Colleague: 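Starting off with a structure, shown below.
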Amino acid sequence: MKQFAVVGCGRFGKALAIKLSELDQEVLAIDKDEEVINELSSYVTHAVTANITVEGVLEELGIQNFDVVIVGMSANFEASVLVTTISKELGVPTVVVKVKDSFQGKIMTKVGADKVIIPEKESGYRLAHSLVKGGILDFIEVSDEYSMMEVKAPATWIDRKIIDLGIRQDDDLTIIAIRRDNEDIVNPSPQEIIEEKDILLVLGPTSHVEALVKITND
């Protein structure tokens with residue numbers, strides 16, 4: 001389990017905070033809007049109404065104790081810079097910042113952001129998965145019910161034939177491609193054997209795809 005602080009809980013931040021909680025992570029949600037915090041309080045570990053531009057507030061909230069801080073206030077660029085700078089000064093290992101465009105992204109990178117997110121390119125839902133497990137390389141919602149995930153081959157799948165995994169029958173999951181070295185194996189045969197360094201593209205119901213999070217890199 002990792003500890004996440006989401007600062008700024010608009011549409012992006014709220015979706016991210018809720019999804020991280022659903023992935024069994026410890027989440028602190030911070031926003032100046034009390035109504036937003038009241039709504040989030042039943043979903044996340046802690047939810048706090050606070051004005052983070054006031055000196056010392058982030059330290060009082062213990063932001064320095066979190067593994068990842070996500071700054072979701074692209075509409076308030078100055079506040080985003082402030083949170084990013086303070087978080088890095090306090091030793092937060094990873095700071096992720098939502099920005100409006102690539103220009104803001106370059107500035108945020110220079111002040112210490114480890115990752116910048118342009119909302120049109122990456123949803124909070126997708127980001128949650130990539131932050132929780134390093135083995136998950138990409139997560140894409142195909143529809144309301146189905147998703148695709150690019151993932152490192154789980155240890156329990158290595159040296160086994162796809163057909164012997166039983167994932168299609170048991171979980172309605174399909175490996176639609178394998179990236180092996182510089183080769184892409186599209187629509188692999190059920191007899192294909194999963195190798196240690198394989199990258200798999202898996203398709204299936206979102207809830208079943210999410211279950212892969214629990215076995216990836218265990």
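Since the structure is predicted, the reported quantities are computational estimates derived from the model, not experimental observations.
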Colleague: Tell me if a side-chain donor or acceptor on D67 pairs with a main-chain N or O of K2 at a distance below 3.5 Å.
Modeller: no
Colleague: State plainly whether one hydrophobic cluster holds both V69 and F77, where clusters connect Ile, Leu, Val, Met, Phe, Trp and Tyr through side-chain heavy atoms under 4.5 angstrom apart.
Modeller: yes
Colleague: Can you name the closest pair of heavy atoms from M73 and S80 and give their distance?
Modeller: O-OG, 2.8 Å
Colleague: Does any N or O in the side chain of D114 come within less than 3.5 Å of the main-chain N or O of V95, such that one atom is a donor and the other an acceptor?
Modeller: yes
Colleague: Test side chain to side chain contact (heavy atoms under 4.5 Å, CB included) on D198 and W157; report intermediate values, then the result.
Modeller: CA-CA 10 Å; D198 283 353; W157 292 11; over 6 Å; no
Colleague: Flag the pair D181 and K197 as a salt bridge only when some basic side-chain nitrogen lies within less than 4.0 angstrom of an acidic carboxylate oxygen.
Modeller: no
Colleague: At what distance, to the nearest 0.5 angstrom, does CG of L82 lie from CD of E55?
Modeller: 9.5 Å
Colleague: Tell me if the CD atom of E35 is crowded by more than 12 foreign heavy atoms within 6.0 Å.
Modeller: no
Colleague: Donor-acceptor pair, K88 side chain versus V92 backbone, under 3.5 Å?
Modeller: yes
Colleague: Where is the tightest heavy-atom contact between L90 and I63, given as atom of each residue plus distance?
Modeller: CD1-CG2, 3.5 Å
Colleague: I need the single residue from L201, I199, L200 that forms a side-chain contact (heavy atoms from CB on, under 4.5 Å) with V151. Which is it?
Modeller: L200
Colleague: Side chain of Q25, backbone of L23: donor and acceptor closer than 3.5 Å?
Modeller: yes
Colleague: If you compare all heavy atoms of A29 against all heavy atoms of C9, which two are closest, and at what distance to 0.1 Å?
Modeller: CB-SG, 3.8 Å
Colleague: Determine whether a donor-acceptor pair (N or O, by modelled atom type, separation under 3.5 Å) exists between the side chain of S87 and the backbone of T84.
Modeller: no
Colleague: Which atom pair, heavy atoms only, marks the closest approach of L61 to A50?
Modeller: CD1-CB, 4.2 Å
Colleague: For the atom pair CZ (R168) and CD1 (I162), what is the distance rounded to the nearest 0.5 Å?
Modeller: 9.0 Å
Colleague: Enter the distance from L58:CG to I86:CD1 here, rounded to the nearest 0.5 Å.
Modeller: 5.0 Å
Colleague: Side-chain heavy atoms nearer than 4.5 Å, only ILVMFWY residues, links allowed to pass through others: does that put V71 and V54 together?
Modeller: yes
Colleague: With E192 as reference, evaluate R160, R180, K161 under the salt bridge (charged side-chain N to carboxylate O under 4.0 Å, His left out) test and give the passing residue.
Modeller: R180
Colleague: Measuring from L203:CG to H208:NE2, what's the distance to the nearest 0.5 Å?
Modeller: 12.5 Å
Colleague: Are V68 and I18 connected in a single hydrophobic cluster, I mean Ile/Leu/Val/Met/Phe/Trp/Tyr linked by side-chain heavy atoms less than 4.5 Å apart?
Modeller: yes
Colleague: Are the side chains of I175 and I167 in contact, using a 4.5 Å heavy-atom criterion?
Modeller: yes
Colleague: Do the non-hydrogen side-chain atoms of I178 and I194 ever get within less than 4.5 Å of each other?
Modeller: yes
Colleague: Got a donor-acceptor contact below 3.5 angstrom from the T174 side chain to the I176 backbone?
Modeller: no
Colleague: Distance check, rounded to the nearest 0.5 Å: I193 atom CD1 versus I163 atom CD1?
Modeller: 12.5 Å
Colleague: Minimum heavy-atom separation for S41 and N38, please, with both atom names.
Modeller: OG-O, 2.8 Å
Colleague: Under 4.5 Å between side-chain heavy atoms, hopping through other hydrophobics if needed: is there a path connecting L20 to V96?
Modeller: yes
Colleague: Can you tell me how far apart OG1 (T45) and CG (L40) are? Round to the nearest 0.5 Å.
Modeller: 11.5 Å
Colleague: Tell me the closest heavy-atom pair linking V116 and A113, and the distance in Å.
Modeller: CG1-CB, 4.2 Å
Colleague: Same hydrophobic cluster for V81 and I30, using side-chain heavy-atom links shorter than 4.5 Å among ILVMFWY?
Modeller: yes
